[in-house]
Amino acid sequence: MLRTHNCGELTLKDKGKSITLCGWLQRSRNLGGLTFVDLRDRYGLTQIVFNMDDNAALCEQARKLGREFVLKVNGQVSERSNKNPKMPTGDIEILAESFEVLNSSATPPFTIEENTDGGDDLRMKYRYLDIRRAPVKDALILRAHMAAATRNYLNSEDFIEVETPVLIKSTPEGARDFVVPSRMNPGEFYALPQSPQTFKQLLMVAGMDKYYQIVKCFRDEDLRADRQPEFTQIDCEMSFVERDDILSTFEGLIRYLFKTIKGISFPELQKMSYADAMRYYGNDKPDLRFEMKIAELTDIVKGKNFKVFDDAKEVLGISVGNAAIWTRKQLDELTDWVKRPQLGMSGLIYARVNDDNTIKSSVDKFYSEDELRKWADACSSKPGDLILVLAGESARTRKAMSELRLEMGNRLGLRNKDEFSALWVVDFPLLEYSEENKRWHAMHHPFTSPIPEDASLLESNPGAVRANAYDMVINGVEVGGGSIRIHDRTLQQKMFSILGFSDEEAQNQFGFLMNAFEFGAPPHGGIAFGFDRLCSLFGGSDSIRDYIAFPKNNAGRDVMIDSPSIISSDQLTELSLQVVQSTKK
Ligand code: ASP
């Protein structure tokens, strides 16, 4: 090695040692007689001192060094008079005896410090400089530790890591495929896996029993802030299991990760049905860091000549603790918030449960205090609570109430990033009806089995059939999901037919899997966790991008390597392709 130590490890214990460090010049300060240089590498920062009195020539040279120069410094570890308790190396500094410039650097386009002045685009274009910054570097290190811990746990549980192919054919996770033209098979295309779903099921037929893979998946969807066209899953499958076996195995994984990475012990996860999640929290990934359950007020409030409620399909309320003191101005602002087109509510009704337990509402004209007491009882309100009520068409009102609940959680500081609340959501509907396409869609994917006692309803009442599927939700984020699979050809074929596939289409697309089911497929099930998202959750960030070394922007572009890009006409010819329209002139 060119160095004897790294820039994060020297302390008072090393006082007097002659050492050599290598790293980047983060900052230098010229104080006349002394010049200080902070030298950085992956492990930390160490202060180097050049003293005019000791060696004027060396000090003069040091003053010429620019930011991000790569240096090799020899010197002696000495105790600092002005200690910095915030830095692990803050008790010492290096009295420089000589140095070598290993490489110079152009002036970086943004400051490479904890906080930077670089905007998103610039940081992504120079991601290799961005990664030099501690928060980005630490995020990647956290990710590596999470991957290692995941492998530790799964290996210790007898899972076998198996790689599955990347050039495959369409998989059924319900997004658009990325495709790759085949040169050797003109006019034919591979699809990139949206997940290794069918392969992991085939590995169960193959007798592998317990499989996992930390694997890239590809979905060509319009990007939102927390989505990437290529992302990573912890993908798992097990044979001879029932739902609760999977839940306990993977609850075990999450518990292990929290314990080893964050030192947090977790209570046993509760299981909530999809129906209850929708009913009490208005969505299928409830944030349980705070209670504030949604109450149904429809039957209580109707028939009092208040048209808004009388005309509404659904009237829902929440009780917000310690918010009765909110001012009229705050409530007017909140009313504007629910009226935004994203929520589209016509207004917000509220009632204050005062400290003396009297209740005052914005609709006192229509509702007596006795009537309002019924609202308060339904919402389990306590003195000091503010009851917020929304009314309108069912699905929209529930969704808006779910958003309002989360917003109140935010405003009251109830969604602390360092607190974690996890649960399983189970018993999802197997199918959803698409009005647009006039047919049923699999809510999870077509290989998910129905709950056995609902299977008889498959033909007569498909919408009522519950899936043997489960999601793990942490802090309102779906971190993983899976199901017990169909392992019987006849049931799988029936499923495809309910989803609108002709026998021929099903055979063409998934014949390989249904054929495999004829050769002794074991009962099996599995799960996949969104690894990027899990990392961001552990790191306390909303953005999965921070945890991906080289992410793509919202237009799906890698601005550093400038991809996607056009290819030469020779390449096109070789692939038997013709481009009809290009966005690039
Ligand atoms: N393949 C599924 C997904 O990507 C997960 C699973 O069912 O195991 O969502």
Side-chain angles (χ1 to χ4, degrees), residues 1 5-11 23-24 40-45 86-89 112-114 123 127-163 196 210-217 226 228 230-236 249-267 269 416-422 472-475 477-481 527-551:
M1 294 295 280
H5 294 82
N6 66 49
C7 295
E9 66 180 316
L10 293 168
T11 62
W24 287 264
R40 170 197 350 102
D41 66 9
R42 194 186 101 195
Y43 307 92
L45 274 183
K86 288 199 197 110
M87 285 170 73
T89 61
I112 301 180
E113 305 248 0
E114 186 88 11
R123 286 176 45 212
R127 184 65 161 171
Y128 46 88
L129 297 181
D130 198 28
I131 294 174
R132 285 185 194 165
R133 296 175 47 236
V136 187
K137 173 203 72 184
D138 290 343
L140 295 183
I141 292 173
L142 172 72
R143 184 183 174 109
H145 290 163
M146 301 257 309
T150 299
R151 289 198 165 93
N152 263 346
Y153 176 83
L154 292 172
N155 293 344
S156 75
E157 293 284 318
D158 257 349
F159 282 79
I160 300 292
E161 185 163 18
V162 183
E163 288 172 84
K210 290 176 174 178
Y211 141 95
Y212 82 97
Q213 186 180 191
I214 298 184
V215 62
K216 274 288 171 77
C217 302
D226 62 343
Q228 285 279 303
E230 52 175 305
F231 59 96
T232 304
Q233 283 188 344
I234 307 170
D235 192 47
C236 309
T249 303
F250 292 99
E251 195 171 317
L253 168 64
I254 293 300
R255 208 177 265 134
Y256 179 78
L257 290 176
F258 269 104
K259 187 83 210 151
T260 51
I261 305 284
K262 297 192 77 76
I264 297 177
S265 299
F266 240 61
L269 267 58
N416 180 350
K417 281 186 169 34
D418 298 322
E419 237 175 70
F420 296 91
S421 178
M472 186 187 281
V473 176
I474 306 181
N475 292 2
V477 176
E478 179 204 322
V479 295
I527 191 165
F529 290 91
F531 186 57
D532 312 287
R533 205 170 283 185
L534 204 58
C535 291
S536 70
L537 193 79
F538 271 62
S541 159
D542 291 330
S543 161
I544 64 169
R545 265 196 229 172
D546 297 347
Y547 295 80
I548 297 174
F550 299 105

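The first residue of the sequence shown is numbered 1, and numbering continues consecutively from there. What you see is a predicted model; the values in this text were computed from it and never measured.
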(request) Answer whether the closest heavy-atom distance between the side chains of Leu154 and Tyr211 falls below 4.5 Å. (result) no
(message) Once rounded to the nearest 0.5 Å, what's the spacing between atom CG of Asp138 and atom CD1 of Ile131?
(response) 12.5 Å
(request) May I ask you to say whether Arg143 pairs ionically with Asp532, meaning some side-chain N is under 4.0 Å from a carboxylate O? (result) yes
(request) Kindly say whether Glu419 contributes a backbone atom to a donor-acceptor pair with the side chain of Asn475 at under 3.5 angstrom? (result) yes
(request) Show your working on ring-ring contact (aromatic ring centres under 6.0 Å, His included) between Phe538 and Phe258 and close with a plain yes or no. (result) CA-CA 8 Å; Phe538 271 62; Phe258 269 104; 4.3 Å; yes
(request) Kindly say whether Gly44 contributes a backbone atom to a donor-acceptor pair with the side chain of Asp41 at under 3.5 angstrom? (result) yes
(request) Applying side chain to side chain contact (heavy atoms under 4.5 Å, CB included), run through Arg151 and Ile214 and close with a yes or a no. (result) CA-CA 9 Å; Arg151 289 198 165 93; Ile214 298 184; 3.8 Å; yes
(message) Using every non-hydrogen atom in the two residues, find where Thr89 and Leu45 come nearest and quote the distance to one decimal.
(response) OG1-O, 2.6 Å
(request) Identify the two heavy atoms, one from Cys535 and one from Tyr547, that lie closest to each other, and give their separation to 0.1 Å. (result) O-CE2, 3.7 Å
(request) Determine the sole option in Tyr256, Phe529, Phe159 for which the ring pair (Phe, Tyr, Trp, His ring centres under 6.0 Å) test with Tyr153 is passed. (result) Tyr256
(request) Please report the closest heavy-atom contact between Arg255 and Pro267, naming both atoms and the distance. (result) NH2-O, 3.4 Å
(message) I need the Phe266 CZ to Glu251 CD distance, nearest 0.5 Å.
(response) 9.0 Å
(request) Please name the pair of heavy atoms, one in Ile112 and one in Arg40, separated by the smallest distance, quoted to 0.1 Å. (result) CG2-NH2, 3.4 Å
(request) Give, for atom OG of Ser543 and atom CD1 of Ile548, the distance between the pair rounded to the nearest 0.5 Å. (result) 8.0 Å
(request) Please name the pair of heavy atoms, one in Glu478 and one in Arg533, separated by the smallest distance, quoted to 0.1 Å. (result) O-NH1, 3.7 Å
(message) Please check: side-chain N/O of Gln233 versus main-chain N/O of Val215, any donor-acceptor pairing under 3.5 Å?
(response) no
(request) Could you tell me whether a side-chain N or O of Lys216 sits under 3.5 Å from a main-chain N or O of Glu230, the two making a donor and an acceptor? (result) no
(message) Is the shortest side-chain heavy-atom distance between Ile527 and Thr249 below 4.5 Å?
(response) no
(message) I'd like to know if the side chain of Arg127 reaches the main chain of Phe550, judged simply by a donor and an acceptor atom lying under 3.5 Å from each other, with no hydrogens or angles considered.
(response) no
(message) Any heavy-atom pair between the side chains of Leu257 and Leu534 that's under 4.5 Å?
(response) yes
(request) Taking the side chain as every heavy atom from C-beta outward, state whether Tyr212 and Cys236 have any pair of such atoms under 4.5 Å apart. (result) yes
(request) Would you name the heavy atoms of Ala549 and Leu140 that are closest together and state the gap between them? (result) N-CD2, 3.7 Å
(message) Is any side-chain heavy atom of Glu163 closer than 4.5 Å to one of Gln213?
(response) yes
(message) As an exercise, state the distance from CG of Leu142 to NZ of Lys137, rounded to the nearest 0.5 Å.
(response) 12.5 Å
(message) Using modelled atom types and a 3.5 Å cut-off, is there a donor and acceptor pairing between side-chain atoms of Gln228 and backbone atoms of Ile544?
(response) no
(message) To the nearest 0.5 Å, what is the distance between CD1 on Ile234 and OG1 on Thr150?
(response) 4.0 Å
(request) Find the distance between SG (Cys217) and CZ (Phe531) and round it off to the nearest 0.5 Å. (result) 12.5 Å
(request) Evaluate the side-chain proximity of Ile261 to Met146: yes if any heavy-atom separation is below 4.5 Å, no if none is. (result) yes
